[in-house]
Structures are given as C-alpha cells and as structure tokens.
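Report on the structure given below.
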2 protein chains.
Amino acid sequence: MDNNVDADHNAVNGNILDRVGLVSEKSYHHGNLRAALLEQAKATVREQGLDGLSLRDLARQVGVSHGAPRRHFQDRQALLDALAESGFEQLGAELAAAFEQAGSDFGTRLRASAAAYLRFAINDAALLDLMFSSKGHDADDPLHTAAMAAFSPMFELIHQGQREGILEAGDPERIGLVLFASIQGTAALFTSGMIESAQLEQLASDAITYFVRGALPIP
Amino acid sequence: MDNNVDADHNAVNGNILDRVGLVSEKSYHHGNLRAALLEQAKATVREQGLDGLSLRDLARQVGVSHGAPRRHFQDRQALLDALAESGFEQLGAELAAAFEQAGSDFGTRLRASAAAYLRFAINDAALLDLMFSSKGHDADDPLHTAAMAAFSPMFELIHQGQREGILEAGDPERIGLVLFASIQGTAALFTSGMIESAQLEQLASDAITYFVRGALPIP
DNA sequence: ACCTGAACACCGTTCAAGT
DNA sequence: ACCTGAACACCGTTCAAGT
C-alpha cells in the first residue's frame, strides 16, 4: 500500500492508525491534537460557558504544552470559529436525523425538526450563542456556508410543503429563512433567560403554528 | 434647601451639579464615573466588539486608575450586565418612539417598530449580542425585566390588533412572544452574517407578514 | 511536521493606603 | 465615599530550540 502519499496529503485530521484505534491515548503528539482540542473545548463551553474557555487550560487538559495549539489554530478566535463550525455540523446532523425519523408527514417532520433545534439550544446554549455571535463575517464566510448546510433539511421541508399544497409558492430559501429566524429567535429567548422552560414549549408550538398559517397559499 | 438628604440617599448616578452642568469635564473623581464608564464601554463595544472591551482600557480612556471601576462594578461581568440592561432601556425607548411617530394604524405601527428594532441591531450588533447572551439568568433577573419592559410597546400593539379584530384573542404576551422571537431571530440572522443587508429587508417584511397572517382570527 | 518552554505584554482582581 | 497604585495569578501570542 502507498498510504504514504495519502498521509502526507491530509495529515491533520487523524491518520489511519487513529481511525483503527491502534494508537494509545497519550499519542496526542501525533495526529489528532486538533480534534482533541475541539472536543475538549466543546465540553468546557458547555459546562463553563464561553468565558471559561482558555487556550492554556485547554492545552493543559489535553496534555500538551501551551504553545502546541498554535500549530492547529492560529489564535483563540480561529479555535472559536472552528468550534462554531463544528457546532453547525452537529446541529445539521441532528436536524437531519429528526427529519428522517419523523416519517413523511409534513407537520410531524416540521415539529420534530424544530424540537431537535431547540433540544440543541437547551443542551448547548453557549455554543449556539457562539454560532450566532456577531464577528466580522464576510459573505463567503465558511460559517455562513455551514449554517445554511445545517438548516438545509428545513429548506427541503419547505419544498415538500409546497409540493403538497400546504405552503405558498416562492423561493424555498426565502420562505425557509422566516422559519429559521422564528426558531432561532425562540431559542435565543430561551438561552438568554427571557422565557422559562415551561414557556418554551408553548412559544415553540405557537411559532410553528403561526409560520404554517402565515405561509399558507392565498386561495 | 436640604438637598443633603437627597444626595446621600441616591449619590451614585450623578449629583445636582452634574445635571446642571456646573462641573468641569475632569471631575470624574466625584459622581459620574459609573455613567462615564458605561458610555465609553458602549462606544468601545460598538467599534471593537465585545472582545475589544477591557476594564483597564476603559479606566484609561475615562482618565481614572484601573482600580477605580471596582467602586461601581464589582467585576467585569457586572459591567457587562449593566451595559446589557442599559441596552434594553435604549432599545425600549427607540421602540416606543417609533411606535408613537407611526400614527395609529396597526400595520404601520407594527412595521415601524420592527424597523426600529432592526435599526438597533444594525447599529449595535455586538451590544444586541450581549443583551441576548446566555449567562446565568435567574427568573427574576433584572435583565429579564428590562427586556420585557423594552418590548412592551409590542405587547401594547398586540392588544390594539386584538381590539380591532385583526389579531386572534388570547394572552397578548403569549402572542407577542411569537413576534418578539421572530424579530429577534431576524436580527440574529443578520448580525451573525447569515444574511446580507439586501436580504434583511425582505426577511423582515416576510416575517411580519407571516406573523400577521398567522395570528389572524380563525373565522 | 509537530511540540516544548522561556519571554513579553496585557489583563482581572484584590487590598492597603491615601484624600 | 471614592480613588490610587502595588501586587498577584492568569492569559494570548511569539519564537527559538528541540525531536
């Protein structure tokens, strides 16, 4: 086998030995430091919030020197950006899973997807905050792409609703953005403490009902 | 006059001399440091973002030693909380102003208020982020109160819509939260860079249209 | 290619001391 | 009552040196 070429070409994100699990846990010095840092960062943000995250702490917890992370993230902001991006990937996966497990009924799919979104907001409030924080975002920001990819099950759902005559015609992305905003706003009201868990369920239900009614075809 | 008693009772937020403007600009050492810090913090957050805000910098810019802010804000978080609260006060004032200047038509008032909200989001994106950031918020958090107070013109608007038969019956706060979430979500999609300025107007318009349709009485 | 460890400038927080 | 300034522990970033 000529796995040499492959390893050199894409050596950052873990090598074959790691994937097969043949490398001991202390082999951070080769291959998977980037992933380990992100994983630990995510856990820390969940437990301590964004302010509890320090590069030096991270390096300590993962067992490397404080200068090591620099090889994988140019600075703290680069790590936060990567963390946000991986957050969108996870959110997208959970939305897609909820979408698929919900059967084929439009309303059921919509409610299941929204519930998955809000579950993410509840479990990883600080991460969701980071994902929607206002940094200098260019138009072709990878985060923009990741966010739209994550929400793509919702856009697909809009398309289904249109095919079935439940939703009005029009650009599915334009209509989907209204749904996106509504769900994200609901999540934000909860993570920021404006509403309690008890009100969240009611608000989420209302938001979806209003959206569906609002997007009804005008007959 | 016995203004001694009054001054002692409420000496933090500037004294009579300040209000009348009889105190020179270098009199920070007496009375208005807290307000000066908040004002400078708001400007810095607007120009540099939240990460550009440092207590020591603030103290420097205001012309006071780095230990001085502690007299008015126990720690950095306390200053951020106060900043968020003052942000809600400003947002509330701007919503109320837009509400009043919009005449008496329900739709006009609704669009004007939403536009004012989004104007705030555009001008002070980082501040809005801070206002909705996920810290440890109790149920009786002053921020919760400030947010609801800020949005109260919207709740009043819901009430008007119900009186005029444009909106369905029900708890105005419950219905208003759907509108709140929708507008805040729209703002978040913009401040986080998910949509561009060009799309913002379209999304805002759609969000309001869908809300009004969604909250229509079911005849 | 990846990691270490010293060095630097900066920060938040505390606290005795000043007025 | 309010502010100063030294002190402390910690942080992000840089960079020569190691393997």
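What you see is a predicted model; the values in this text were computed from it and never measured. Below, chain A is the first sequence line, B the second, and so on; all start at residue 1.
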Return the value, rounded to whole Å, for the distance between atom CZ of B:Arg71 and atom C1' of D:dC2. 6 Å
So, OP1 or OP2 of D:dC3: does either fall under 4.0 Å of a side-chain N or O from B:His72? yes
Side chain of A:Ser65 (C-beta onward), nearest among D:dC3, C:dG5, C:dT13: C:dG5
Beyond-backbone contact of A:Tyr210 with B:Leu179, side-chain heavy atoms, under 4.5 angstrom: no
A:Ile208 versus A:Arg111: any side-chain heavy-atom pair under 4.5 Å? yes
Rounding to an integer number of Å, can you tell me how far A:Arg60 CZ sits from D:dG12 C1'? 12 Å
Write down the distance between CG (A:Leu58) and C1' (D:dT13), rounded to a whole number of angstrom. 16 Å
For ring-ring contact (aromatic ring centres under 6.0 Å, His included), just list the numbers for A:Phe132 and A:Phe88, CA-CA rounded to whole Å, side-chain angles, deciding distance to a tenth of an Å, and then say yes or no. CA-CA 10 Å; A:Phe132 283 92; A:Phe88 274 118; 5.6 Å; yes
Counterpart base for D:dA9, defined by Watson-Crick or G-U wobble contacts under 3.5 Å: none
Atom-to-atom span, CZ of A:Arg76 to P of C:dC10 - whole angstrom: 19 Å
Does a nitrogen or oxygen in the side chain of A:Ser54 sit under 4.0 Å from OP1 or OP2 of D:dC10? no
For B:Asp57 and C:dC10, give me the distance from atom CG to atom C1', rounded to whole Å. 10 Å
Going from CZ on A:Phe190 to CD on A:Gln199, what distance comes out if it is rounded to the nearest 0.5 angstrom? 10.5 Å
Any sub-3.5 Å donor-acceptor pair from A:Ser182's side-chain atoms to A:Val178's backbone N or O? no
Assign each of A:Arg56 and A:Gly67 to its nearest nucleotide of DNA chain C by heavy atoms, then name whichever residue's nucleotide is nearer the 5' end. A:Gly67
If the cut-off is 4.0 Å, is B:Arg34 near the phosphate of D:dA1, judged by side-chain N/O to OP1 or OP2? no
Can you measure A:Phe73 atom CZ to D:dG12 atom P for me and round it to whole angstrom units? 14 Å
To the nearest angstrom, the CG-P distance between A:Asp51 and D:dG12 comes to 12 Å
Who does C:dT4 pair with, Watson-Crick or G-U, both distances under 3.5 Å? D:dA16
Identify which nucleotide among D:dT4, D:dA6, C:dG5 has an atom closest to any side-chain atom of A:His66, counting heavy atoms from C-beta outward. C:dG5
May I have the distance from A:Leu33 (atom CG) to D:dT19 (atom C1'), rounded to whole angstrom? 16 Å
